[in-house]
Amino acid sequence: MAPKETALPQMRQTHHGSDSILRIALALLLLIGLVMVYSSSAVFAMEEYGDSYYFLKRQGLWCLIGLGMLLAASHMDYRRLEAWTYPIMAVCFLLLMAVMVPALSQEAGGARRWLKLGPVAFQPSELAKFALVLFIAKSLVKRADQLKNFAYGYLPNLIVLGLFFLPILFQPDFGTAMIIGAVTFTMLFVAGLRTKFLVYSGLALIPFIVSAILSQGYRTRRILAFLDPWQDPSDAGFQAIQSFYAFGRGGLLGVGLGDSNQKLFYLPEAHTDFIFSVIGEELGFIGVMAITVLFALVIWRGFITAYRVKDDFGTHLAIGLTLLIGIQAFINMGVATGLLPTKGLTLPFISLGGSSMVVSMLAMGVLLNISEHTATRR
Amino acid sequence: MTRSRKKIRGDARSSLKIRLLGVSAIFLIYWAGLTTRLFYLQIVKHDDLVALSEKQYARTAKIYYGRGVIYDRNQNELARNIEMESVYITPPEITDPAQTARTLAKLLQLNEKDVSRKVASGKHFVWIKRKAPLDEVERLRRRQLAGIGFVSEQRRFYPKRELAAGVLGFVGLDNQGLAGVEHHHHSLLKGTTLRRVIEKDARGRTIHSLDDPRKQHSPSHDVVLTLDEVIQFTAEHHLKAQVEKYGAKSGVAVVMDPHSGEIYAMANVPQFNPNNYAAYPPRMWENRVVSGAIEPGSIFKPVVASAVIDAGVAGPNDIFFCENGNFKIGRVSIGEAANHKFGWLSLKAIIKNSSNIGAIKMAQALGDKGLFPYLKQFGFGEKTGIDLPGEASGFLRDLPRWSALSLASISFGHEISATPIQMATATSAIANGGTFYLPRVTRAIVKDGKVVKTAEKPKGRRVISERTSRQVIEILKSVVKDGTGKAAAVPGYDTAGKTGTAQKFDTESQTYSTTDYVSSFVGFAPADAPRIVVLVMIDSPRKSTWGGVVAAPVFREITKEVLRYLNVPSSEERVYIMDRA
């Protein structure tokens with residue numbers, strides 16, 4: 001691939017470093033994440049494992065592995081990924097199937113999402129997000145001329161999405177399934193797919209989603225709890241209320257790092273799904289605004305990269321990877337603040353969780369590499 | 001690339017730009033919504049939410065469940081849990097406040113005024129009684145009064161009441177192990193803590209569990225002690241009888257296996273009932289066997305004799321001049337107990353008659369540099385490391401700080417302080433052939449009926465040679481046979497031991513008391529193959545102060561019963577068995 005790069009001088013491609021704003025935003029998010037994971041998990045870790053650093057040590061290790069991934073990915077020409085798309089997808093699909101085998105997987109809270117790999121557990125659905133983005137980007141390049149065609153331009157993408165969407169939905173991991181759906185459709189939309197297809201697909205999906213919600217009692221409860229948490233006696237409403245308390249207690253400047261009261265067993269999943277609420281309590285409105293701005297920066301730089309790179313695969317890939325992080329982050333924040341119903345999604349780079357950390361860092365490594373290949377228009 | 005393809009590309013790019021801007025706009029709108037929502041929660045509703053959350057903290061109950069059981073060595077329960085019920089009220093729901101208050105007070109045996117005040121408090125939630133017995137609550141439940149709720153809890157219960165209370169310790173209101181084994185093994189025993197918020201809403205009361213529902217209710221570890229409840233009872237029974245008979249302040253007794261360091265019994269008198277520990281003054285909670293360091297007095301002499309013999313300075317039959325009962329070191333004059341006037345005594349006779357001057361003479365033969373390492377080896381001046389909290393290290397002056405008088409004082413058990421467990425452990429080393437074993441009360445840790453961890457027999461360290469041990473045992477046998485400890489003789493068994501009658505040091509007047517003594521006896525049986533070491537110390541007995549009179553009989557009674565209980569054959573029985581062989 002390298003000779004090809006030099007053979008395309010007419011594209012005015014300049015070789016320069018990766019996007020520095022993106023790098024700084026990521027570094028800050030990671031740093032805040034480590035501090036907050038420790039702050040939100042220390043008491044719980046002490047009670048459960050007799051070691052307040054229990055989760056911090058784990059997260060630190062995952063963070064290092066993630067950094068390794070990020071560096072490796074950012075130093076490898078992203079265009080080579082195009083050739084690896086199908087093998088990666090195949091492996092990912094097999095892993096998703098393996099999760100369904102009880103002997104190989106680990107169950108927690110009624111969901112089978114983890115693959116046992118000796119002492120660590122891995123979530124194939126996290127890798128599936130990356131693999132799917134890769135596929136859609138490649139597919140959009142291949143079918144660039146047929147995007148207005150339903151059967152050739154649209155349907156293949158939809159089928160592959162389904163192959164990933166359904167196993168994840170049945171784990172069940174409703175949150176991740178929604179994310180990959182949203183990312184796929186947004187990628188297709190930006191690529192220029194007929195809006196009509198998307199609208200019809202959306203309408204067709206409605207009964208499906210409604211039945212998925214109604215079929216699982218806890219989802220129904222979560223929706224009801226979302227609509228009025230204060231009237232809901234179940235734990236779902238309770239969770240939302242505890243999150244509101246956390247934000248409310250934080251006020252403008254927060255109660256101070258480490259001083260959250262809500263994380264002391266009131267707020268469930270304080271170090272994972274609801275870490276944003278703990279940030280809200282400890283660092284206040286100012287702190288959470290900083291987080292939203294950092295994620296907004298990531299999205300902005302991701303989109304700029306996508307627009308500037310003079311290679312369609314790079315464009316679509318950059319959009320997909322950016323959306324992956326952006327949509328998940330904003331949905332997580334929406335759930336914590338009660339704008340959206342409760343679902344189990346982590347806050348990328350910040351929540352405790354190895355698989356999510358490693359895959360998010362991989363995605364950002366690739367995005368940084370793409371940003372090296374952009375051409376400045378001026 | 002043809003011109004038309006370039007154009008298509010260009011079109012695609014501009015369409016891409018527009019669509020990307022569209023997606024960005026959606027993000028921006030969402031971001032604005034998020035910001036507004038955060039502003040609403042954190043700034044606008046700040047005060048309300050703070051107030052609501054504070055209210056919730058006040059209504060949070062921690063409920064402790066499944067604390068581990070403590071067993072004696074034969075699986076008899078010494079500490080377990082019993083089911084209790086806590087009662088709370090939600091005053092706004094109460095229809096007839098006066099009647100409700102009266103019923104509550106009557107059935108739960110509470111002060112009616114207090115209850116009325118709680119009923120009229122207007123709060124949403126008030127505890128009425130925590131951890132009430134089930135039958136009490138059952139009667140209340142049957143009345144089906146409005147506004148009364150119940151939560152199941154557990155209470156720590158010690159079914160044997162005072163038995164071994166000093167060893168077991170007790171548990172505070174918040175399930176914290178406050179003393180004894182309960183404290184030492186708290187992290188293993190603690191069980192599960194469940195946090196519940198009692199929430200009041202439009203649909204009625206609900207109790208939310210604050211704990212992660214995924215968290216398994218994991219059973220706690222149980223602890224098996226080395227104590228034997230029968231031996232423990234025997235020791236407590238005889239000790240208590242003697243303390244009462246002699247009007248003494250207090251007493252302690254230890255029964256241990258000299259070959260492993262396992263403690264069979266550890267008795268403290270006066271006793272307290274851990275089920276109601278708060279009713280006793282805190283000093284009674286103390287386990288003075290490990291926490292009470294005192295000057296041991298004459299029971300320390302065998303330790304000194306062991307050192308003298310082991311160092312090869314003198315044998316049991318070597319003689320020392322005992323100065324006819326008056327010996328001056330510098331300006332201090334030292335005499336014998338009961339104004340005895342001994343002339344020349346063998347080392348054996350010095351111990352048998354408990355001569356202070358003789359003890360000084362033999363210690364001087366060894367010298368302070370010779371004696372000090374032995375004292376360290378025997379474990380004095382530092383904690384034994386027993387698995388119980390609150391252990392005292394006792395006091396042993398560092399060698400460079402010994403005065404001209406130190407060696408003399410230490411030789412008969414003064415200017416040194418030791419805990420009963422240190423004395424019993426040191427005596428065990430003499431009895432078992434010369435090895436110091438770490439004393440301990442934990443035998444095994446059990447979970448789900450399976451042994452998780454067994455306390456291995458500690459390696460032990462050699463203090464004196466086996467030959468020395470045998471020689472000192474012979475000397476201690478003579479103490480019981482025709483010395484100061486005749487009252488300790490256990491019929492049918494060879495018994496060895498040493499009496500002690502130590503003047504108590506009064507810290508206020510900085511002098512030795514002339515009225516308060518500690519009478520003690522430490523010994524073992526059967527003397528040549530010891531199964532148990534027993535130490536008895538009685539503080540400030542009134543009618544007599546002699547260790548041979550006050551403490552030795554307790555030793556005898558405990559030893560007699562314990563040897564029978566352990567099926568240790570008596571001397572006659574042993575002969576009979578040998579004949580058969």
Side-chain angles (χ1 to χ4, degrees), chain A residues 10 44 47-48 50 108-110 144-145 147 186 189-192 230-235 237-238 241-252 254 261-262 264-266 268-269 280 284-285 288-289 292-293 295-296 299-300 303 306-307 312 315 319 323 326-327 330 333-334 337-339, chain B residues 1 5 8-9 11-13 15-24 26-28 30-31 33-54 56-57 60 62 187 190 193-195 197 199 201-215:
Chain A
Q10 72 275 26
F44 180 67
E47 282 227 349
E48 284 298 297
D145 300 333
L147 286 178
T186 313
F189 166 74
V190 177
W230 305 90
Q231 287 298 313
D232 182 82
S234 77
D235 284 344
F238 182 73
I241 291 168
Q242 296 305 329
S243 183
F244 298 164
Y245 285 169
F247 283 113
R249 293 177 65 80
L252 182 64
N261 240 319
Q262 286 297 106
L264 302 171
F265 309 98
Y266 290 94
E269 312 286 354
F285 183 65
V288 287
M289 285 317 294
T292 64
V293 168
F295 277 111
I299 295 167
W300 172 48
F303 283 176
Y307 183 61
D312 286 344
T315 299
I319 291 170
L323 290 172
I327 292 181
F330 277 100
M333 296 188 270
T337 50
L339 286 178
Chain B
M1 249 183 239
R5 271 195 71 104
I8 289 168
R9 233 194 106 78
D11 286 350
R13 278 280 141 181
S15 133
L16 181 98
K17 185 175 182 178
I18 292 165
R19 292 191 178 210
L20 258 187
L21 281 173
V23 173
S24 303
I26 292 170
F27 268 112
L28 201 65
Y30 184 87
W31 180 81
L34 192 62
T35 305
T36 312
R37 175 69 177 166
L38 285 167
F39 186 83
Y40 172 75
L41 284 174
Q42 303 205 264
I43 312 294
V44 179
K45 299 287 275 183
H46 172 66
D47 293 337
D48 293 353
L49 289 171
V50 167
L52 282 169
S53 67
E54 297 290 344
Q56 155 176 289
Y57 301 150
T60 301
K62 279 190 185 180
S187 56
K190 72 178 181 210
T193 306
L194 304 168
R195 291 170 190 76
V197 169
E199 192 68 59
D201 57 39
R203 298 186 199 181
R205 280 185 311 277
T206 42
I207 297 174
H208 287 289
S209 172
L210 290 172
D211 290 286
D212 191 337
R214 289 182 307 196
K215 197 167 107 186

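Being a predicted model, the structure only gives us computed values, none of them experimental.
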Chemist: Under 4.5 Å heavy-atom distance to chain A, tell me which part of Ile43(B) shows up: side chain, backbone, both or neither.
Modeler: side chain
Chemist: Can you tell which of Ser187(B), Ser24(B), Gly22(B) has the highest number of heavy-atom pairs within less than 4.5 Å of chain A?
Modeler: Ser24(B)
Chemist: Report which part of Phe39(B) has an atom under 4.5 Å of a heavy atom belonging to chain A: side chain, backbone, both, or neither.
Modeler: both
Chemist: May I ask you to name which of Leu323(A), Asn261(A), Val288(A) has the most heavy-atom pairs under 4.5 Å with chain B?
Modeler: Asn261(A)
Chemist: Atom CZ in Phe330(A), atom CG in Leu34(B): separation rounded to 0.5 Å?
Modeler: 6.5 Å
Chemist: Determine whether Ile319(A) and Val23(B) make a side-chain contact, defined as any pair of heavy atoms from C-beta on separated by less than 4.5 Å.
Modeler: no
Chemist: Give the member of Ile299(A), Thr292(A), Thr186(A) that has the highest number of heavy-atom pairs under 4.5 Å with chain B.
Modeler: Thr292(A)
Chemist: Around atom OH of Tyr40(B), are there more than 12 heavy atoms of other residues, nucleotides or ligands at under 6.0 Å?
Modeler: no
Chemist: Quick check with a 6.0 Å cut-off and a 45 degree axis cone: is Arg19(B) positioned over the face of Phe303(A)'s six-membered ring?
Modeler: no
Chemist: Would Leu41(B) and Phe285(A) satisfy side-chain contact (heavy atoms from CB on, under 4.5 Å), going step by step from the backbone distance to the final call?
Modeler: CA-CA 9 Å; Leu41(B) 284 174; Phe285(A) 183 65; over 6 Å; no
Chemist: Quick one: what part of Met289(A) sits under 4.5 Å from any heavy atom of chain B, side chain, backbone, both or neither?
Modeler: side chain
Chemist: Tell me if a side-chain donor or acceptor on Gln42(B) pairs with a main-chain N or O of Phe247(A) at a distance below 3.5 Å.
Modeler: yes
Chemist: For Arg249(A) and Ser53(B), does a side-chain donor sit closer than 3.5 Å to a side-chain acceptor?
Modeler: yes
Chemist: Would you mind telling me which of Leu20(B), Ile18(B), Ile26(B), Val50(B) has the largest number of heavy-atom pairs within less than 4.5 Å of chain A?
Modeler: Leu20(B)
Chemist: Supply the atom-to-atom distance Tyr245(A) OH to Leu52(B) CG, rounded to the nearest 0.5 angstrom.
Modeler: 4.5 Å
